[in-house]
Amino acid sequence: MRTLSGLAPAKINLGLRVLNRRSDGYHELRTVFQTISLADQLTIHYDPRGDGEVLLDCDVPSLATSDNLAVRAAQSLLRAGGWPGNVAIDLKKRIPVGAGLGGGSSDAAALLLALRRMLKPRPHLALLAEVAAGLGSDVPFFLQGGRAVGLGRGEEVYPLADQPRRRLVLVAPEIFVSTAEAYRSLRKSRARLTAAERQLIINGFQVNIVASEESGTLDPAKLPINDFESVVFQQFPALKEWKNRLLEAGASVAMMSGSGSAVFGVFSSLRRAQEARKVLRGVGGKVYLAETIDRSACQASWGK
Ligand code: C5P
């Protein structure tokens, strides 16, 4: 029996542009992923003598099901390489669910990274990437973490240089947004996009990335928008209010993450973030203090 413990960090999207719907049903997108300090905790046991059983124990009992993405990650990897053995997962859930913070995807990636260290012979990274993409569009990003551009349906990941640590305040109201439904709501407006408009969005995204990488700042004027805000704010106006409250509390940038419902604000110092958190607390929903974490910190969790 081998055991490993580590963290599965959440992500935020520093902008998310949704383009056309593809023939496989997914939408082409452009985004910048960034891992943050809010994280689930996992302990993973691997017993090479078992015959493929994967068990999950979670402190949120409703998540401890056989279709949990972490369970499916372990099953998929064992099956993909024909490894024998049983896996037992202990998951302490800290990342809100259905919030656009990638918690389920990060747990799945953590399973792949942990099993990579425990299986013999060791799985190749290419196999991990393939299994990750089959599990969900955000899972491949979490194999690397840090800051990265996401293309395709999100599974094509291109690392960006880490930037200085940013202090964040994160608001996670008790609103569960289904990613599939959010895409469905966007579908009509995306179908109307002409090829020229799509190209303009792509060009704008690229220019903004280059500009923000060169300046090393999160200039709000240079940050691409999150296209999901238009449809999700319409359905849940409280989320727009949270975004405005974050800006009023001094955030230089405030934006919804992914398809929501979490909204984050970027602050220039820990003190300002702490003050904002105080103001925002007690208005409803969970308010977290967090910070961006870079690739090396993510990778330290499960080893090379
Ligand atoms: O890939 P993942 O399982 O996270 O996606 C959940 C759902 O979101 C998909 O079934 C699809 O309906 C939608 N989606 C999409 N385009 C993407 C990513 C997800 O339409 N790029």
Side-chain angles (χ1 to χ4, degrees), residues 8-35 40 56 63 65-77 80 91 93 95-112 128-145 148-158 175-193 197-198 201-202 205-206 209 224-232 234-236 255-262:
K11 59 88 179 154
I12 52 174
N13 297 84
L14 298 167
L16 202 176
R17 304 301 324 248
V18 180
L19 303 165
N20 52 299
R21 188 157 177 247
R22 315 184 323 185
S23 53
D24 63 3
Y26 285 90
H27 289 77
E28 183 69 24
L29 59 78
R30 297 288 182 274
T31 191
V32 175
F33 294 110
Q34 169 71 61
T35 37
D40 290 341
L56 169 64
L63 298 180
T65 61
S66 57
D67 67 347
N68 184 294
L69 211 52
V71 173
R72 283 168 39 208
Q75 289 168 336
S76 302
L77 184 60
L91 170 59
K93 202 71 197 161
I95 306 172
V97 179
L101 297 170
S105 301
S106 188
D107 296 341
L111 254 295
L112 300 181
L128 254 57
E130 196 185 308
V131 170
L135 291 164
S137 307
D138 288 350
V139 184
F141 162 69
F142 286 107
L143 292 178
Q144 307 188 28
V149 172
L151 308 184
R153 62 180 172 94
E155 90 292 11
E156 259 184 68
V157 180
Y158 298 92
I175 293 174
F176 179 93
V177 178
S178 147
T179 303
E181 248 168 61
Y183 273 105
R184 263 198 295 280
S185 311
L186 261 186
R187 200 172 286 169
K188 266 196 211 131
S189 63
R190 300 300 102 176
R192 283 196 297 271
L193 279 183
E197 285 167 334
R198 276 204 298 274
I201 293 175
I202 292 171
F205 178 84
Q206 284 164 344
I209 297 281
I225 58 171
N226 181 345
D227 282 323
F228 281 115
E229 286 188 351
S230 58
V231 288
V232 178
Q234 210 172 3
Q235 198 186 353
F236 303 107
M255 192 179 277
M256 192 173 78
S257 182
S259 55
S261 60

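For ligands, and for the atoms within them, numbers begin at 1 and follow the listed sequence.
- Residues Val177 and Ala182 come closest through the heavy atom pair CG1-CB, 4.3 Å.
- Arg190 has a carboxylate O that lies under 4.0 Å from a charged side-chain N of Asp227, or vice versa, which qualifies the two as a salt bridge.
- Listed as neighbours of ligand 1 are Gly25, Tyr26, His27, Leu29, Gly136, Ser137, Arg153, Thr179, Ala180, Tyr183, each bearing a heavy atom under 4.0 Å from the ligand.
- Ring geometry for Phe228 versus Tyr183: interplanar angle over 60°, hence perpendicular rather than tilted (30 to 60°).
- Contact check for Phe205 versus Val32: side-chain heavy atoms found under the 4.5 Å cut-off.
- Annotation: side-chain hydrogen bond (donor to acceptor under 3.5 Å, both in side chains) contacts of Thr35 (sequence neighbours excluded): none.
- A heavy-atom distance below 4.5 Å is not found between the side chains of Gln206 and Ile209.
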